[in-house]
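Below: the structure, in structure tokens.
All residue numbers refer to positions in the sequence shown, counting from 1.
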Amino acid sequence: AIPNVSDATAWAALTTGAYCDYNNDVANGTKYGHLYNWFTVNTGKLAPAGWHVATDAEWTTLQSYLIANGYNYDATTTDNKIAKALAAKTDWTTSTTTGVIGNDLTLNNSTGFSALPGGYRFSTGSFDDLGLGGIWWSATGYSTGTAWDRGLYYLNAGLGSYNDVKHAGFSVRCVRD
């Protein structure tokens with residue numbers, strides 16, 4: 001069992017696995033999925049049998065494949081402009097900037113990945129960016145206190161690669177073993 005930790009102070013002090021819903025609202029968890037700290041990912045028990053949380057290398061493989069196969073918003077095969085191909089057609093804040101997720105949502109999700117902007121929880125326990133962005137943990141640590149993740153933001157054209165503190169609450173995507 002993974003505990004649901006709603007209290008911000010308790011969240012910030014965690015060194016073990018936990019999850020929450022954005023703003024501690026169950027409706028957000030139902031719509032966007034739960035937010036997990038990296039300690040939960042690191043247990044290796046988050047994914048159902050036959051599945052695992054994607055590693056940083058698997059995220060890189062996905063990104064490289066999509067770029068090489070013309071999933072950039074402009075159909076080119078260089079540079080990282082694949083955000084629209086991964087983002088769902090709903091729930092993203094809109095923008096007039098060409099090529100970004102928020103510009104003409106009907107052109108999103110050519111891959112079927114259906115990424116939603118579920119926001120995230122800071123390591124301090126506060127929440128941010130619902131409707132604007134989403135971050136997904138990888139199963140790969142970066143340092144003692146950080147791990148790799150990938151992010152999408154409504155004003156960006158590319159899939160971001162970051163390392164963030166393990167206390168943060170992010171979404172998770174699993175891949176089949």
Side-chain angles (χ1 to χ4, degrees), residues 19-38 40-41 46-48 51-123 126-140 147-164 168-176:
Y19 82 94
C20 63
D21 297 322
Y22 190 94
N23 275 347
N24 299 309
D25 183 340
V26 173
N28 286 329
T30 301
K31 183 173 188 171
Y32 299 103
H34 301 307
L35 302 173
Y36 300 90
N37 66 17
W38 194 79
T40 306
V41 174
L46 180 60
W51 294 76
H52 63 275
V53 176
T55 65
D56 184 60
E58 287 170 324
W59 277 103
T60 299
T61 298
L62 173 65
Q63 179 176 314
S64 297
Y65 174 87
L66 294 177
I67 293 168
N69 287 278
Y71 282 90
N72 282 334
Y73 78 86
D74 58 3
T76 58
T77 56
T78 59
D79 300 321
N80 173 2
K81 299 180 272 186
I82 60 171
K84 288 186 76 58
L86 296 167
K89 294 180 181 231
T90 62
D91 300 299
W92 289 91
T93 298
T94 59
S95 169
T96 57
T97 304
T98 302
V100 302
I101 291 171
N103 182 259
D104 192 354
L105 300 182
T106 65
L107 300 178
N108 288 359
N109 205 31
S110 60
T111 63
F113 192 84
S114 302
L116 289 170
Y120 52 87
R121 189 172 199 176
F122 288 110
S123 59
S126 62
F127 297 91
D128 201 17
D129 281 351
L130 183 70
L132 302 175
I135 303 175
W136 292 263
W137 281 121
S138 83
T140 308
W148 286 106
D149 55 73
R150 293 298 194 278
L152 294 172
Y153 193 68
Y154 84 106
L155 284 176
N156 290 349
L159 174 65
S161 175
Y162 313 101
N163 58 74
D164 283 294
F170 298 153
S171 300
V172 172
R173 277 296 175 108
C174 298
V175 294
R176 193 178 306 267

For the residue pair His34 and Tyr19, categorise the inter-ring angle as parallel (less than 30°), tilted (30 to 60°) or perpendicular (more than 60°). tilted

Would you say [X] and [Y] make side-chain contact, with heavy atoms under 4.5 Å?
{"X": "Arg173", "Y": "Trp59", "result": "yes"}
{"X": "Tyr73", "Y": "Val100", "result": "no"}
{"X": "Pro117", "Y": "Tyr32", "result": "yes"}
{"X": "Asp164", "Y": "Tyr120", "result": "no"}
{"X": "Leu66", "Y": "Leu159", "result": "no"}
{"X": "Val53", "Y": "Ser138", "result": "no"}

Within 6.0 angstrom of Tyr65 OH, more than 12 heavy atoms from elsewhere: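 At most 12 heavy atoms, drawn from other residues, nucleotides or ligands, come within 6.0 Å of this atom.
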
Separation of [Y] [atom2] from [X] [atom1] (nearest 0.5 Å):
{"X": "Ser64", "Y": "Asn80", "atom1": "OG", "atom2": "CG", "answer": "9.0 Å"}
{"X": "Asp21", "Y": "Arg121", "atom1": "CG", "atom2": "CZ", "answer": "10.0 Å"}
{"X": "Thr77", "Y": "Asn69", "atom1": "OG1", "atom2": "CG", "answer": "9.0 Å"}
{"X": "Leu116", "Y": "Thr90", "atom1": "CG", "atom2": "OG1", "answer": "5.5 Å"}
{"X": "Asn156", "Y": "Ile82", "atom1": "CG", "atom2": "CD1", "answer": "12.0 Å"}
{"X": "Leu46", "Y": "Cys174", "atom1": "CG", "atom2": "SG", "answer": "5.5 Å"}

Donor-acceptor check, side chain of [X] to backbone of [Y], threshold 3.5 angstrom: yes or no?
{"X": "Asn72", "Y": "Thr78", "answer": "yes"}
{"X": "Trp92", "Y": "Ala115", "answer": "yes"}
{"X": "Thr140", "Y": "Thr55", "answer": "no"}
{"X": "Asp74", "Y": "Thr76", "answer": "yes"}

Can you see which heavy atom on [X] is nearest to which on [Y], and at what distance?
{"X": "Ala157", "Y": "Gly99", "value": "CB-O, 3.4 Å"}
{"X": "Trp38", "Y": "Ala139", "value": "CZ2-O, 3.8 Å"}
{"X": "Tyr153", "Y": "Ile101", "value": "O-CD1, 3.5 Å"}

For Asp56, salt bridge (charged side-chain N to carboxylate O under 4.0 Å, His left out) partners two or more places apart: Arg150

Given the rule in the ring pair (Phe, Tyr, Trp, His ring centres under 6.0 Å) test, do Trp137 and Phe170 qualify, once you have shown the distances and angles that lead to the verdict? CA-CA 6 Å; Trp137 281 121; Phe170 298 153; 4.5 Å; yes

Show your working on side chain to side chain contact (heavy atoms under 4.5 Å, CB included) between Leu35 and Ser171 and close with a plain yes or no. CA-CA 5 Å; Leu35 302 173; Ser171 300; 3.8 Å; yes

Any pair counted as side chain to side chain donor-acceptor pair (under 3.5 Å), so long as it reaches residues 98-109, sequence neighbours left out: Lys84-Asn108, Asp104-Thr106, Asn109-Ser114

